[in-house]
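Notes to accompany the following structure.
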Protein chains: 2
Amino acid sequence: MTSVPPSDSSAIRVAVSTVIFSLRSRPGADALMIPLVRRTRDPFDGSWALPGGWLDEAEGLDDAAARTLAETTALSPSYLEQLYAFGDVDRSPARVVSVVYWALLRSDLVDAQRAADDAPENVEWFDVDDLPALAFDHNRIVDYAVWRLRNKVGYSRIAHGLLPDEFTLSELREVYEAVLGRRLDPSNFRRLLEGSEALIPTESFRTGKHRPARLFRYNSEVELADRGPGFPG
Amino acid sequence: MTSVPPSDSSAIRVAVSTVIFSLRSRPGADALMIPLVRRTRDPFDGSWALPGGWLDEAEGLDDAAARTLAETTALSPSYLEQLYAFGDVDRSPARVVSVVYWALLRSDLVDAQRAADDAPENVEWFDVDDLPALAFDHNRIVDYAVWRLRNKVGYSRIAHGLLPDEFTLSELREVYEAVLGRRLDPSNFRRLLEGSEALIPTESFRTGKHRPARLFRYNSEVELADRGPGFPG
DNA sequence: CCAAAAGTGTTCACGATACACCCATGC
DNA sequence: GCATGGGTGTATCGTGAACACTTTTGG
């Protein structure tokens, strides 16, 4: 507990990266996707890596995560939470401590942004179940982020962060199925969420090939989930 | 995503601190205790703070946590897990990112160590429900660590990290009661843990004022809990 | 014998699962 | 009409909580 760090401490850099989840509609089941950035210099020149950047001295960790996320996707997340701080000595040629966040993006906004022409360069979306070998320890980081997302979807109500404001119960169930990787019983799923206070039914219906489905909206007064210190208390 | 940090990034220091939990026997219910260190220089000269220190360039985050923990208590933890990275700009006069860990110590080892004369100076144990105003944002950090511990005790089997190798079911139940802050039904508690694979009965008994209680040992083959990336997968 | 903790057995409420069934729409 | 997804009802199973009861010790 000295108050002045030893001189070699200044050789440690702090970076912030983010695992950004969104959904892509697929014929069978929706796929969990994340954006990766192609590196343009060593180390790992040419490899895909998580979006991120150096922590600026004048910004907090959360701000840095939101900033690098916006630089990558030009979008703001519907959910953002710290994942873990990675600081093994050998995880990079230089000594870097990476504070990693994970985020959810509404799939409709991602689709709109990809269609627009101001989409960032060097960014590509990958299915989390079909990733290339990433730079640094980023494969391990993504694995852990997926594990945390699956876990959290099991006991909290954050899945709607991947959907537009209004959605049908089937759409929400498909989000759960994509994240959890297994089928859910439609009727039990319905009861589970109608019983909770989390969903507010609207008077609108989504018309399709079959019977129209009622649209729901999320109740913003419901506590989503613990996002770290300060939220639980 | 530059490969060289901007010059002002070097002004950010990385510290590692640990919230170390142990139990003190009390007449009514056991109390959750943590050790604090009295600061001997500014900022917050004279205030109590979490044990910790600067991250050395040659050690990983986990190693740094274990090192500062050993420097404070001269003991090795029975459980150690990263809690959160705190990096608000204004949490300290200098720019410091603190990677905080939390740990469990067996209460018998703590008692023995306090009785010995090589106990570290400037360290004192405090009841987590009766803390003074701490340096920096450390009160908030402790609150979050307590919340995480309570949470984790609810769904995993880490409570024995606060007990010796062998213990009675009543002792284990009292640990849960101290951590959770509420009474548990002895008979249901017994069934819950006897049903799991976590406990191994021994042929020894603890004799006291009443009927002797069988001693149990923890099954080390049982997965304790997720401690971060690498453990779940 | 009595008090108190150790340990056993029984019951009940509730949530998750499985699944049978009706409803409304496009074709 | 019929296929299909939307939506309702109901039986079952496993788990946790509540609690009555027996056992074994010290005093």
Side-chain angles (χ1 to χ4, degrees), chain A residues 25-30 150-157 159-160 163 166-217 222, chain B residues 25-30 150-157 159-160 163 166-217 222:
Chain A
S25 292
R26 283 287 183 83
D30 292 354
R150 293 216 160 106
N151 228 27
K152 202 135 207 166
V153 161
Y155 67 82
S156 79
R157 318 277 188 205
H160 79 291
L163 288 178
E166 299 194 337
F167 47 85
T168 68
L169 283 175
S170 291
E171 288 166 348
L172 184 59
R173 176 172 48 81
E174 281 159 13
V175 172
Y176 277 82
E177 289 175 346
V179 171
L180 297 175
R182 62 189 172 91
R183 292 292 179 185
L184 300 174
D185 184 295
S187 56
N188 293 329
F189 183 82
R190 164 182 303 276
R191 235 186 319 268
L192 194 69
L193 277 110
E194 282 187 332
S196 78
E197 306 284 304
L199 288 188
I200 300 174
T202 72
E203 293 310 312
S204 312
F205 290 81
R206 165 115 52 234
T207 170
K209 294 175 191 287
H210 304 291
R211 173 174 172 177
R214 184 182 294 275
L215 290 171
F216 289 81
R217 180 192 307 282
V222 171
Chain B
S25 293
R26 284 287 184 83
D30 292 354
R150 293 216 160 105
N151 228 28
K152 201 136 206 165
V153 161
Y155 67 83
S156 79
R157 317 276 189 207
H160 78 291
L163 288 177
E166 299 194 337
F167 46 85
T168 67
L169 284 174
S170 291
E171 289 165 348
L172 184 57
R173 177 173 48 79
E174 280 158 14
V175 172
Y176 276 82
E177 290 176 345
V179 171
L180 297 175
R182 62 190 172 89
R183 292 293 179 183
L184 300 174
D185 183 294
S187 58
N188 292 331
F189 183 82
R190 165 181 303 276
R191 235 186 319 267
L192 194 70
L193 277 112
E194 281 187 333
S196 78
E197 306 283 304
L199 287 188
I200 300 173
T202 72
E203 293 309 312
S204 312
F205 289 81
R206 165 114 56 233
T207 170
K209 294 176 190 288
H210 305 290
R211 174 173 173 176
R214 185 182 294 275
L215 290 172
F216 289 81
R217 180 191 309 280
V222 170

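Convention: sequence-line order gives letters A, B, ...; per-chain numbering from 1.
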What do you reckon, is CD of B/Glu197 surrounded by more than 12 foreign heavy atoms closer than 6.0 Å? no

Output the rounded distance in Å from CZ (B/Arg214) to P (C/dG7). 7 Å

With a 3.5 Å distance limit and no angle check, can you tell me whether A/Ser204 reaches the backbone of A/Leu215 through a side-chain donor-acceptor pair? no

Among D/dG6, C/dA5, C/dG7, find the nucleotide with the atom closest to the side chain of A/Ala213. D/dG6

Tell me: CG of B/Leu215 to C1' of C/dA5, nearest whole Å? 15 Å

Identify, residue by residue, the members of residues 181-197 of chain B with a heavy atom below 4.0 Å from DNA chain D, and return them in order of residue number, or none. B/Asp185, B/Ser187, B/Asn188, B/Arg191, B/Leu192

Rounded to the nearest angstrom, tell me the gap between atom CD in B/Glu171 and atom C1' in C/dA5. 13 Å

NE2 of B/His210 versus C1' of C/dA4: gap in Å, rounded? 4 Å

May I ask you to decide if B/Glu177's main-chain N or O and B/Arg183's side chain share a donor-acceptor pair within less than 3.5 Å? no

Under 3.5 Å, is there an N or O donor on one side and an acceptor on the other linking the side chain of B/Arg211 and the base of C/dA6? yes

To the nearest 0.5 Å, tell me how far B/Phe189 CZ sits from B/Glu174 CD. 10.0 Å

Return the CD to CZ distance between A/Glu166 and A/Phe205, rounded to the nearest 0.5 Å. 11.5 Å

Starting at CG of A/Leu169, measure out to OG of A/Ser187 and round the result to the nearest 0.5 Å. 11.5 Å

